[in-house]
Number of protein chains: 2
Amino acid sequence: MSEAISNLSRKEQVIRKAAELFKEKGYAAASMRDLAHLLGIEAASLYSHIKSKEEILRSLCFDMAAEFQKSLAEVESKKDISASEKLRNGIIGHIQVMAKDLTASAVFMNEHRHLSQPYLRDFLLMRINYINRFKSIIEQGVQTKEFKDSIDKKLAVMTLFSSLNWMPMWYDPDSAIDPSQLGFQLADMLVNGLKKND
Amino acid sequence: MSEAISNLSRKEQVIRKAAELFKEKGYAAASMRDLAHLLGIEAASLYSHIKSKEEILRSLCFDMAAEFQKSLAEVESKKDISASEKLRNGIIGHIQVMAKDLTASAVFMNEHRHLSQPYLRDFLLMRINYINRFKSIIEQGVQTKEFKDSIDKKLAVMTLFSSLNWMPMWYDPDSAIDPSQLGFQLADMLVNGLKKND
DNA sequence: CCTACCGATCGGTAGG
DNA sequence: CCTACCGATCGGTAGG
């Protein structure tokens, strides 16, 4: 049993180190020999922990996707809150999920396209579903006249989604601003804009 | 002379087709044999038009960078306009440059990291310079009290930059909204926000 | 976790 | 633009 536990945690180590490597070099340019070297073992030894290179990518992408789904579902379950508050909570949730693992988040965003079928298809369906649920929040805000109806909704939701997903590329976890503040400020910026309103 | 012209245009064909391939599969996963096959020639024949695979990536990345620089320099040269107008013009310019070649824009954004040194270093220096010039416009707006000073400027500029750079991933050139309208709306969204202000 | 190895594929060159 | 080819490297397996 302690053997099973130690195998599990070794597998976790392999996956986490792979995430760093995939983020840095990109999935296609990262070799299993690179990964093995980082772990101090031979390339062939990796295969006692994982089935294939793509299995690592799959677990990184789908584990992150599950976290994002969970976070958004929690926001949607709260009734009687305004669209802007829902949007704010969705943004804060998304950013907090990313902040828990910035490396895996970067892989999720940039490397998912190297998934083979049918995984790629499943992944893209989940992503479009996630985006559409944010779009619904924006549409709800337009209906309740909270948001202006002059805005292109696709543009609005893709702007939101772009901002969220690039965060792992530039956010420094040691900086003064913490993830929930960042989410709050991003929501404020999207809802109220840069302009001074007084 | 007509030989030189036809060589030039053949080289252009190779580069444009490579851009499509790099966008679709990523630089590292795209092989020269794939590229040759798309052009209906043998892989070895590519090398009478280009020196190396990376030369193609370099010309795609640096040609786009030059276009972006040119566009922003023109905006900066206009005096006596407000920060929000400057920001709007910068955004519209950036989007118009991208719209002229969405494929090359996607490669510029996603594949530049496969540049080798010293090209990668030069590229990143140009990019940080470009971002900082947008940041200056935002800071100018804060100084003139056009923009609120509560916003994190790094967050603001990275949100802007993320939105701009993801556009080639989702924008459909056949859609109802044209590139300059898109730029106008994006600027409006960032400056005024989603909220109805009346 | 290792040694020894596989077939496939890579970017690129020589020579025409 | 082609044929013929190079050395290097790839993901992965067999067997211990």
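Naming: A, B, ... by sequence-line order, numbering from 1 per chain.
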Separation of [N] [atom2] from [X] [atom1] (nearest whole Å):
X	N	atom1	atom2	result
K51(B)	dT13(C)	NZ	C1'	16 Å
K11(A)	dC1(C)	NZ	C1'	17 Å
H37(A)	dC10(D)	NE2	C1'	17 Å
E42(A)	dC10(D)	CD	P	13 Å
L35(A)	dG12(D)	CG	P	12 Å
R33(B)	dT9(C)	CZ	P	10 Å
L39(A)	dC1(C)	CG	C1'	12 Å
E55(A)	dG12(D)	CD	C1'	13 Å

- Query: Are any of the side-chain nitrogens in E111(B) or K23(B) under 4.0 Å away from the carboxylate oxygens of its partner?
  - Reply: no
- Message: Between H114(B) and Y119(B) (judged by ring centroids, cut-off 6.0 Å), do the two rings come close enough to count as a pair?
- Response: no
- Assert yes or no for the condition that the ring centre distance of F108(B) to F123(B) is strictly below 6.0 Å. yes
- Query: So, Y130(A) and H94(A): side-chain donor and acceptor under 3.5 Å apart, yes or no?
  - Reply: yes
- Item | Any side-chain donor near an acceptor of the partner, S84(B) and E146(B), under 3.5 Å | yes
- Between S48(A) and K53(B), whichever has its closest DNA chain C nucleotide further toward 5' is S48(A)
- Note on the structure: For dC1(C), the nucleotide meeting Watson-Crick or G-U wobble distances (both under 3.5 Å) is dG16(D)
- Task: For dC10(C), give its Watson-Crick or G-U wobble partner with both distances under 3.5 Å, or none.
- Result: dG7(D)
- How is A30(A) classified with respect to the nucleic acid when contacts are heavy atoms under 4.0 Å: base, sugar-phosphate, or nothing? sugar-phosphate
- Contact class for S31(B) (heavy atom, under 4.0 Å): base, sugar-phosphate, or nothing? sugar-phosphate
- Message: Heavy atoms from C-beta onward define the side chain here; which of dC1(C), dG12(D), dG12(C) lies closest to that of I41(A)?
- Response: dC1(C)
- Note on the structure: Regarding the side chain of Y47(B), the nearest nucleotide among dG12(D), dC1(C), dG12(C) is dG12(C)
